[in-house]
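Take a look at the structure set out below.
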Amino acid sequence: MRTRLPTGLYVITDAGHCERLGLAAAVSAAIDGGAATVQYRDKSSDGSRRRGEAAALGELCRRRGVAFLINVDTGLAVAVDADGVHLGREDDDPRHARGLLGPDRLIGVSCYDSLDRARDAQARGCDYVAFGSAFPSSTKPSACRAPLDLFRRAVGELEIPIVAIGGITPGNAQPLLAAGCHSLAVVSGVFAMDDVRAAAAAYACLFESAARADRIE
């Protein structure tokens, strides 16, 4: 059965932010707080360390029942049996990644502020798209901005889940959820916080509140 991106908090690792607790402990704390998806992102050239970390996180995520994705490196995703890969502008073509991963794994694509790119990604077989930066981002301060209307249009037009990323906090996220975003992707808003579990829980509560509101309606 083809994997579907879980609704909820989508955390992305950062070596600097996770160093204080240690990578596995930081990710475990985020999952304790309610993270539904974990993406391992490490841009270093140390392939052996990256494979070891990815394998350990993959096992952790499997035990905890959350989705585990690899940033950019489709080969690493295959090697550690991850649930999928997330691709950027200069990365693997989704169709090539699909050939390596097989039919059941997740492929996500960063679409920045471009609905045309998202349409193309959907046509090429990806499983979700991400737009951002939704707000000014300390992780990527020079990132282009994706206006709220873009998320609304994408939700209305595309048939795959929409992820918002960039500068999202528990205080500014509500309009994104109201627009129909499936997941909120967060780096520093979770991993740079003193209490990683509590920070993740603050985001996870937003989805719980939205689900309760939907049931009432």
Side-chain angles (χ1 to χ4, degrees), residues 3-14 16-18 20-41 57 60-69 71 83-84 86 106 108 110 127-140 143 145-152 154-156 158 160-217:
T3 304
R4 180 173 171 81
L5 184 73
T7 302
L9 174 62
Y10 178 143
V11 295
I12 302 173
T13 68
D14 175 270
H17 292 324
C18 294
R20 175 176 55 88
L21 292 178
L23 182 61
V27 169
S28 184
I31 296 171
D32 286 342
T37 301
V38 174
Q39 181 192 132
Y40 174 66
R41 183 170 71 185
L57 288 186
L60 169 64
C61 290
R62 278 189 288 275
R63 290 199 311 269
R64 302 295 301 277
V66 303
F68 178 61
L69 307 179
N71 178 260
D83 292 308
H86 184 86
L106 283 167
S110 290
D127 299 288
Y128 73 89
V129 292
F131 293 105
S133 182
F135 303 101
S137 169
S138 61
T139 302
K140 291 188 176 182
R145 291 288 300 278
L148 183 60
D149 184 60
L150 173 63
F151 293 97
R152 296 192 188 102
V155 168
L158 301 179
I160 53 179
I162 308 302
V163 177
I165 187 170
I168 302 168
T169 70
N172 65 20
Q174 190 56 47
L176 295 168
L177 295 180
C181 289
H182 184 89
S183 299
L184 303 177
V186 179
V187 185
S188 61
V190 170
F191 291 121
M193 300 296 106
D194 290 337
D195 189 332
V196 171
R197 181 187 181 282
Y203 290 95
C205 283
L206 299 174
F207 290 93
E208 293 168 6
S209 297
R212 285 196 298 269
D214 287 344
R215 288 195 294 271
I216 292 171
E217 291 176 2

Taking all heavy atoms of V190 and all of A30, pick out the closest pair and write down the distance. CG1-CB, 4.1 Å
With heavy-atom distances below 4.5 Å as the criterion, would you say the side chains of L9 and V186 are in contact? yes
Carefully, step by step, assess V187 and R41 under the rule side chain to side chain contact (heavy atoms under 4.5 Å, CB included). CA-CA 10 Å; V187 185; R41 183 170 71 185; 3.7 Å; yes
Using the rule given for side chain to side chain contact (heavy atoms under 4.5 Å, CB included), can you reason through V27 versus Y40, listing the C-alpha separation, both sets of side-chain angles and the distance that settles it, and then say yes or no? CA-CA 10 Å; V27 169; Y40 174 66; over 6 Å; no
From CZ (R145) to CG (L150), nearest 0.5 Å: 12.0 Å
Taken to the nearest 0.5 Å, the spacing of T37 OG1 from H182 NE2 works out to 7.5 Å
Heavy-atom side-chain contact between F191 and R20 under 4.5 Å: no
About how many Å separate CG of L57 and CG of L69, when rounded to the nearest 0.5 Å? 12.0 Å
Aromatic ring pairing F151/F131, orientation class (parallel under 30°, perpendicular over 60°, tilted between): perpendicular
V129 and I162, any side-chain heavy atoms less than 4.5 Å apart: yes
Distance check, rounded to the nearest 0.5 Å: R63 atom CZ versus S28 atom OG? 8.0 Å
If I compare all heavy atoms of C61 with all of A67, which pair ends up nearest, and what's the gap? SG-O, 4.5 Å
Looking at side-chain heavy atoms only, is the closest gap between L60 and V38 below 4.5 Å? no
List the steps and the verdict of side chain to side chain contact (heavy atoms under 4.5 Å, CB included) for Y203 and V11. CA-CA 10 Å; Y203 290 95; V11 295; over 6 Å; no
Rounded to the nearest 0.5 Å, how far apart are OG of S183 and CG of L176? 11.5 Å
Heavy atoms of I168 and A173 approach each other most closely as CG2-CB, 3.7 Å
Who passes side chain to side chain donor-acceptor pair (under 3.5 Å) against S133, sequence neighbours left out? none
Enter the distance from Q39:CD to D83:CG here, rounded to the nearest 0.5 Å. 12.5 Å
Between R64 and D32, is there a side-chain N and carboxylate O pair less than 4.0 Å apart? yes
Start with the C-alpha gap between F135 and T169, add the side-chain angles, then the distance that decides, and say whether side chain to side chain contact (heavy atoms under 4.5 Å, CB included) holds. CA-CA 9 Å; F135 303 101; T169 70; over 6 Å; no
Is any side-chain heavy atom of I160 less than 4.5 Å from a side-chain heavy atom of L5? no
Expected output: side-chain N172 to main-chain G167 donor-acceptor under 3.5 Å: yes
Looking only at non-hydrogen atoms, find the nearest pair between P175 and L148 and report the distance. O-CD1, 3.6 Å
Heavy-atom pair of closest approach, residues S110 and H86: OG-NE2, 2.7 Å
